[in-house]
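One structure below.
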Amino acid sequence: MVLLLSRARSLLWVARTRRGARRRASVPPAGAAHRFELLPAGPPGVYRLVGEADIAARGALRAGLASAATAAGTGDVRLDLTALTFIDVGSTAELVGAAQRLGDGRRLVLDRASPILCRIIALAWGKPPGLEVRPR
Amino acid sequence: MSRDAAAARRVRADLFEHEALFYNGPAEYAAGCGTFVRDALGAGRPVLVAAPQPNIDLLGSALGDAGSQVRFLDMTAVGRNPGRIIPDVLHAFAQEHRGRWVSIIGEPIWPGRSPAEYRAAVQHESLINLAFAGRTATILCPYDTAGLVAEAVADAERTHPVILQGGARQSSGPYLEPATMLSGLAWPPPSPPERALTLRFESADLRPVRDFVRRNAPSAGLPAGRVVDLLVAVNEAATNTVTHTASGAGSIRLWQADGGTVCEVRDAGTVGDLLAGRLPPGPNSQRGRGLLIINQLCDLVETWFGQAGTVLRMHMRT
């Protein structure tokens, strides 16, 4: 069913492209592989961020961070960012805010943060409290 | 800002001094800027000079030993993108010396600025009045009347409440409030070239927008190492469209230009806060950082705020 839907969407895309202007760029439909997820990574307090965190994923990120903070009890929260292929400034603000809310000396650790994420955090927040950034 | 804070800002709006110095030749530059710096140092104020390097050298030798108490920054480096000057240079210096009156020479406009840079620098000059209203600061902006075209001098009269020329100080008749000045700057923007690639977007799911940039930026001349910068910048601009327009729809155009890659995001929204992206939001604010980051990641950001909509044109130099 999912396959059929996806195929139908591709066909629609082709139709739209053909109808579109000559100069219109080729853009594939957004693939399901990019959808954002926050998943438990196994050990307690450790999670994986997967896909692309943009404004459409903001609610899922916020809720995921809140439950991760609760589930970690009094411990740190660690996020493995290996499979995070994009994060926007607003989602980065969610990470900074979640780190701050942990309090009591607890940390939000970003493991394998991309160079651009490290740069955005430094540019917009400097060294935010409670956040530990470990670059890729 | 609360109503009280806004009212307090209005009442204290006359504290801030923003003056243009019209000079003709090195001797007038050294005399006009030299007097400004010596007076400020005499009053015990922190002094910053952000100007093109040749003028820093000129002023440095005119000041002699007094120059060691002045912070100098090459404006052609820190102010190449005029959108970064308020947050990175002016506001940063004022914050560093919070509670004290700061005196700053800021020279963002010089002969040889590209037309796009020039336009952004005029917007910047106008927005200084808004960004610093009510703050204890004096900013002096030297204009080279011999080297600049008459239009640039006329613009300076519209963006500075006070003009200094030949030792005389007078209020500027043509001065315009920033909102009036900015809305008067040419609309519509020049058309993108025919060859520009186009994408319309209309949902909060911005994956098609990012796919468009990833796929097409390299062939528009952007080196692989800078694609991620443009990707983040365009995504932030499109996020603003999704957040701040009724329809959430906009369009993106991408093309290769002389010396770089240009990408614009256009929508039907109007900008509420003219200072968005110019002043860093508070540490706990969840909003207002998008435009700040766009200005950091791009080499130049042109903005058009019109009744018909908003255009953000992001330039990446290659």
Side-chain angles (χ1 to χ4, degrees), chain A residues 9 13 16-17 19-36 51-62 85-101 114-131 136, chain B residues 84 87-88 192-201 203-217 219-220 225-229 231-243 248 252-255 280-281 283-297:
Chain A
R9 201 162 54 166
W13 173 256
R16 262 208 312 264
T17 309
R19 219 177 39 230
R22 192 162 44 90
R23 298 285 182 193
R24 202 144 290 222
S26 60
V27 180
H34 291 167
R35 190 149 297 141
F36 174 77
E52 310 215 331
D54 64 7
I55 189 165
R58 200 69 46 81
L61 174 63
R62 186 177 303 168
T85 49
F86 179 83
I87 181 164
D88 70 356
V89 178
S91 301
T92 308
E94 294 292 338
L95 298 179
V96 171
Q100 196 172 20
R101 282 190 296 273
S114 66
I116 185 74
L117 175 58
C118 297
R119 202 166 149 217
I120 288 172
I121 292 172
L123 283 170
W125 288 276
K127 289 193 182 301
L131 191 71
R136 263 177 212 171
Chain B
R84 290 184 203 163
D88 289 8
E194 266 291 296
R195 64 178 184 284
L197 299 170
T198 304
L199 176 79
R200 282 207 45 89
F201 62 96
S203 87
D205 183 349
L206 293 174
R207 284 175 290 177
V209 168
R210 295 190 295 274
D211 285 340
F212 173 83
V213 174
R214 286 184 176 118
R215 179 172 293 233
N216 297 302
S219 50
R226 294 211 66 196
V227 171
V228 69
D229 291 357
L231 184 70
V232 170
V234 171
N235 184 81
E236 288 307 315
T239 301
N240 281 345
T241 298
V242 169
T243 315
I252 299 183
R253 287 175 181 78
L254 177 73
W255 67 95
N284 297 320
S285 168
Q286 296 293 305
R287 290 183 46 189
R289 289 186 178 79
L291 280 165
L292 205 70
I293 293 293
I294 290 173
N295 263 315
Q296 295 291 342
L297 297 177

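Below, read A as the first sequence line, B as the second, and so on, with proteins coming before strands; counting in each chain starts at 1.
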Quiz item: What is the distance from atom CG of D88(A) to atom CG of L231(B), rounded to the nearest 0.5 Å?
Solution: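 Taking CG in D88(A) and CG in L231(B), the distance rounds to 10.5 Å.
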
Quiz item: Hey, what do you get for CZ (R289(B)) to CG (L123(A)), rounding to the nearest 0.5 Å?
Solution: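 One gets 11.5 Å once the value is rounded to the nearest 0.5 Å.
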
Self-check item: Under 4.5 Å from a heavy atom of chain A, the part of L206(B) involved
Solution: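 Both backbone and side chain.
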
Quiz item: Using non-hydrogen atoms only, which part of E236(B) is less than 4.5 Å away from chain A: side chain, backbone, both, or neither?
Solution: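 Contact with chain A is through the side chain of E236(B) alone.
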
Quiz item: Given the options T239(B), L292(B), N235(B), which has more heavy-atom pairs under 4.5 Å with chain A than any of the others?
Solution: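 When all of T239(B), L292(B), N235(B) are compared, N235(B) has the most.
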
Quiz item: Considering all heavy atoms of both residues, which atom of A204(B) and which atom of A56(A) are nearest to each other, and what is their separation?
Solution: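 Answer, listing the atom of A204(B) first, then A56(A): O-CB, 3.6 Å.
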
Quiz item: Can D229(B) and R119(A) be counted as an ion pair, charged N to O under 4.0 angstrom?
Solution: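 Yes.
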
Quiz item: Thinking salt bridges, do E52(A) and R210(B) make one under a 4.0 Å N-O criterion?
Solution: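 Answer for the salt bridge query: yes.
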
Practice problem: Check whether I116(A) gets within reach of chain B through its side chain, its backbone, both or neither, counting any heavy atom under 4.5 Å. | Solution: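 For I116(A), the contact with chain B is made by the side chain alone.
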
Practice problem: Verify side chain to side chain contact (heavy atoms under 4.5 Å, CB included) between F86(A) and V232(B), making sure each step is shown before the conclusion. | Solution: CA-CA 8 Å; F86(A) 179 83; V232(B) 170; 4.0 Å; yes

